Amino acid sequence: MPHPVDDAVTIGPLDLAARVDEALAVQAVAFGLGADEVAVRRQIVLRHMGHQGARALGATTADGRLAGFVYGMPNNRGHWWSTVVEPYLRAGGNDGWLDDAFVITELHVHPHHQNHGIGRTLITTLTDGAAEPRSILSAIDTDSPARGLYHSLGYVDLARQVHFPSAPRPYAVMGAPLPLRRRPW
């Protein structure tokens with residue numbers, strides 16, 4: 001069921017495979033991606049949406065444009081992301097977070113629509129539908145509005161300085177029990 005965020009944006013189910021190019025255009029602007037990176041991520045998103053339990057939500061403007069999106073899926077230790085982060089989590093005694101967890105794979109809001117609660121509503125609405133007792137995600141390991149949002153929702157750092165192949169900057173892996181906190185602390 002759609003959730004109005006404000007007069008201009010509504011959160012609801014998103015057929016991400018059908019709107020992948022529009023979603024990646026939002027991600028490119030929000031995350032500063034070039035055309036080559038977008039082409040690689042397009043294939044990744046389409047592959048992810050074929051995984052059992054994968055779900056996506058979109059933030060749609062009154063005129064039908066995508067202002068933001070989130071997608072995720074139940075974690076599988078055999079997936080590429082889990083195999084990369086597992087040693088970092090194990091080093092801190094946190095590799096159990098990979099079991100019975102819903103992974104937030106991507107969350108992006110177009111800069112013109114940021115700071116209006118859209119990202120918060122996207123992630124909380126998506127995780128409200130998860131059967132798993134916890135959620136995990138990765139974010140660039142820097143003091144950023146995104147990490148501030150995740151902390152306000154109850155996510156804690158499980159591993160820092162996680163290096164993904166071909167990523168120029170390190171990431172932090174974060175986890176939170178579900179349901180997420182609704183208000184910032």
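Because the structure is predicted, anything quoted here is derived from the model rather than measured. When reading the values below, keep in mind they use all heavy atoms of this one structure, side chains included, and skip hydrogens, waters and symmetry mates.
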Is there a chain of hydrophobic side chains (I, L, V, M, F, W, Y, each step under 4.5 Å between heavy atoms) that links [X] to [Y]?
X      : Y      : value
Val70  : Met49  : no
Trp97  : Met73  : yes
Phe164 : Leu107 : no
Val29  : Ile118 : no
Ile140 : Ile136 : yes

(Q) Please evaluate residues Arg147 and Tyr155 with respect to the criterion side-chain contact (heavy atoms from CB on, under 4.5 Å), reporting the C-alpha separation (whole Å), side-chain torsions for both, the decisive distance (0.1 Å), and the verdict. (A) CA-CA 9 Å; Arg147 292 219 339 121; Tyr155 285 89; over 6 Å; no
Return yes when atom [atom1] of [X] has more than 12 non-hydrogen atoms of other residues, nucleotides or ligands closer than 6.0 Å, and no otherwise.
X      : atom1 : result
Asp63  : CG    : yes
Asp36  : CG    : no
Gln161 : CD    : yes
Arg65  : CZ    : no

Q: Could you tell me which non-hydrogen atom of Leu178 sits nearest to which non-hydrogen atom of Ala130, and how far apart they are?
A: CD1-CB, 3.9 Å
Q. Quick one: salt bridge (charged side-chain N to carboxylate O under 4.0 Å, His left out) partners of Glu86, sequence neighbours excluded?
A. Arg90
Q: Run the salt-bridge test on Arg42 and Asp21 with the 4.0 Å N-O cut-off and return the result as yes or no.
A: yes
